[in-house]
Amino acid sequence: MSVVSTNSIGKPISRVDGQAKVTGQAKYAAEFNVPGLVHGFVVSSAIAKGRIKSIDRRAALAVPGVIEVLAHDNRPSVASLHEKYTDEVASPGSPFRPLYDDKILFSGQPVALVVAEEFEIARFAATLVGIEYEAEEANTDLDTQIDKAFEPPVKRVPGWDPSPRGDVDKALSRAPIRIRQEYRTPIEHHNPLENFGSTAVWEGDGRLTVYDKTQGAPNCHRYLCNVFGLAKDKVRVLSPYVGGAFGLGLRPNYQLFMAVLAAIGLKRSARVTLTRKQMFSLGYRPQTIQTLTLGAEDDGSLLALRHDVVANASRFEDYQEPTVVWSGALYHCDDSAVSAKLARVDLFTPCDMRAPGGAVGVYALESAMDELSYAIGIDPLELRLKNYSEIDQNEDKPFTSKALKDCYYRGAERFGWSKRKPEPRSMREGRELIGYGMATGIWEAFRMPTSARALLAPDGTLEIHCATADIGTGTYTILTQIGAEMLGLPLEKVKVKIGDSDLPAAPVEGGSWTAASAGSAVMMACDGIRKELLERAGKIKNAPLKGAELADVVMAGSEIRMRGDPSSAVSLTDVLIGLKEPIKSEVTSTPDRKVLERYSSYAHSAVFAEVRLDEEVGMLRVARVVSAVAAGRILNPKTARSQVLGAVIGGIGMALHEESVIDHRYGRFINHNFAEYHVPVNADVHDIEVIFIDEREPHLNPLGVKGIGEIGIVGTAAAIANAVYHATGVRVRDLPITIDKLLGLGPPAGGSSQ
Ligand code: MOS
C-alpha cells in the first residue's frame, strides 16, 4: 500500500479545526454546560509532608450555596489498591490516590473539594475550610539527596540506559583531550494555556459522560473504570479539543478524579477546574544534575564518552526519562558508558514534558561537544561531522533513514554559519556582543498500535474515527488529509472524529508518534474502503474498471480511473448509487516487528542560534534560530512548521527563562504564576526559520513519517547556550541562563534557587 497521488498530503493546508477554534465553537473540557451543574474547588495542602489531623467544615458549609466538602474522611468509596490508579504511561511505583487518606505527600496536594452551586461560592468557601496538619520535615532539595541516588529497580522502558561498550576508563586515560563538566537543568512546569479541567455529566441512567483535558481519552476511561469500579460501557471520556498540554495530559490528573467523585457522590453533574497556581501541583520536568565526560584525539575524534545523570523522583513513583540514551546513539564512539539514577524528594511525581529526557540530556551532551570544540580549536559543526555515526551503536543497528548531514549542511548555509569568527567575544555590532552556536537534535521515531475506522456514506462523505487527540498539534488536519488523499475526495468531504473513548482505541497522543500511528491506521482503514469501491465500480454495467486491481487505479477528483487513462473514469457518485448504509472499514495498525528488530529510527535536526547581548543593559536575546529537521515525509508543511516553531520557543524558554523555584523551607514552588514563572513572550521571540529536509523513510510505516512534535526542542537550548558562550566567553552550565549567571554572580541573596 502506498499513497498514490498527492492531492492533499504534503500540502500546506490550514487547520481544519482553525475556524471552530477562533470563533469559539470549539469547546474545551470545562466549557460543556448542562443544567444543574455543580462546581468543585480544590483545597490544596499547605504542608509538603505529614498528615491531616482534622478538617473543620462548618464555616464552609454555612455559606449559602455550598453543597458538600468532600475529603478522605467522608468521600464515596473508591479503589484502595495503588495499582488501580495506574495508567498506560505511569512509571513504576504507587500512583497517587487523591483524597484517599490523611497522608500528605507533597505541597499543594489536593486535600478537600468544596462543591457548590456556583464556582465563585466554591472558591470562596474553600478559603474557610479549616485543616489542621501534623507536619513532618520535608526535603525537596535534590542536592542533599545525591548520595542516596539509586538505579531504579524496575525500568519504565528497557533500553533507556544502554549497557556500556568498550572500556571507557581505559579510552579516557589515553585520550589527549578530555572534558568533564557538570550540567544542571531545573524543574520546569508545562504551563499549557488551558488549565486542567473536567466536566462529569451525570446522565441519570447510571452513565457518566466526562469531558476531560487529556492527551488520552481511552487512558482516562480505563482509569475511571478502575478507580470507581464502573463498568466500561457506563463511562465515556471525551477530549474533543485540548488547549495545549506538552505531556501534562498524558496521565489522568486529579481534577478528573475530583469531578467524577463529586458527580458520583452527589448524583449530579460536576465540574472541577484548577487555578494556574494549582497547575503547579501537577507533574513537571524533573530537575537533573548531569556529568558529561568526553575524551578525544587531537583532531576531535571521540575516544570515550560518559554521561551520568541524577534526576529527582517523588517518594512514591520512579518516574524515568531517557536522558542519557541519546549520548550513546548520536556520535560514533566505541568506548562509552552511561548511567541514570534517581533521588527521592518530597514533591509530586515528575511527568513527561516535551521531548522528556532528550531536551535535557542532549543539552548536556551538546554543551560538552561545544566545549570540546573550543578545547581542540575545531569548528563545532566540523566536530559533529567528524564524529557522524552511520549506525546506532547503542543497539548495533543501522538507521531506517538518517538525513542528519543534510540538516547540518542546509541549516549552516541558511544560517550563514561560515560568517562565524571562532574566537569568543570576537563578533560585535554597536553595544551588542554577537554569538553563534549550534547543536544537534535527535528524537525517537515511534509507531504504536492504533485502531481507526473509516465510513464512506452514500452521499460520498467520509468519516474517520479514532480515539486519539489533537493537543494543538494538527491531528485533525493530517487525518483529514490522509482520508482525502486515499479516496480522492476534497477536504470538505472528510470529517474526523477523535478524542473519544468510544472510538477505535488509540494510545495517548504523545511521543511524537501520532502521525505515524493514527495516520497509518487511518490510511489502512481507507484502503479497505478503496477495495470495496473498486469492487462496486467493477460491477457497474459496461464498467471500464472491470477486473482492475487497486494498484492499477487512481482515486482522485471524486473519481476512480485506470492509471494513465482518463477515459476510464467512473464517478464516485455512480459507484455509490443504491448504497443504503455507509461502507465501513476498521483496522488495527501495528508496528512491523521485523523493522523494529533490524533498525533503529530517529528524527534528527541541526539547530543554529544567534544571540545578542546588549552589554550596557545586560539584556540577552535570541536574535535568530534556524532549525533544520529531518523527520521523514512531512504531511503538512504548515502545521509541521508550527510544531517546530513552538518547540523552538520552548527551547528558548528552557535556555533563558523557565525555572520552577522551590523554597525548601516549605517544600513549595514559590513562582507558581505567570508573573514569576517566565516563559518566552512575543518580545523574546525573534527570527525562527524551519527547514524540512527531504528524507525518504522506507521502513517505519506506510506513510513514511517520523513525527515532529518534539524534535524541535531537542538541541535548541544547547545551541543557544553555546551561542551565549561564543558571544560572551562565559560558559553557563546551569539553566536557565539568567543575567546574574553571566555576570558571575551567585543566586540572589535570600533566594533558594535550586
Ligand atoms: Mo509528549 S511529553 O509524549 O506529550
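These numbers come from the heavy atoms of this one structure, side chains and all, not from hydrogens, waters or symmetry mates. Each ligand, and each atom within it, is numbered from 1 in the order the structure gives.
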inquiry  = Checking side chain to side chain contact (heavy atoms under 4.5 Å, CB included) between Ile720 and each of Leu735, Val607, Val648, Leu656, which is the one that passes?
reply    = Leu656
ask   = Among Thr473, Ile498, Asp470, which residue meets the side chain to side chain contact (heavy atoms under 4.5 Å, CB included) test with Glu509?
value = Thr473
message = Going by side chain to side chain contact (heavy atoms under 4.5 Å, CB included), Val310 matches just one of Thr323, Leu142, Leu342. Which one?
response = Leu142
message = Angle between ring planes, Phe669 versus Phe280, binned at 30° and 60°: parallel, tilted or perpendicular?
response = tilted
For a quick test of your reading: what N or O donor-acceptor pairs under 3.5 Å do the side chains of residues 357-366 make, sequence neighbours left out?
unit_1, atom_1, unit_2, atom_2, d
Glu366, OE1, Tyr331, OH, 3.1
Glu366, OE1, Arg384, NE, 3.0
Glu366, OE1, Arg384, NH2, 2.9
Glu366, OE1, Thr440, N, 2.7
Glu366, OE1, Thr440, OG1, 3.1
Glu366, OE2, Tyr331, OH, 2.8

task = Enumerate the protein residues lying less than 4.0 Å from ligand 1, judged by heavy-atom distances, in chain and residue-number order.
result = Gln215, Phe246, Gly247, Leu250, Asp352, Met353, Arg354, Pro356, Gly510, Gly511, Glu710
task = Fit a plane to each ring of Phe316 and Phe96, take the angle between them on a 0 to 90° scale, and name the class: parallel (under 30°), tilted (30 to 60°) or perpendicular (over 60°).
result = tilted
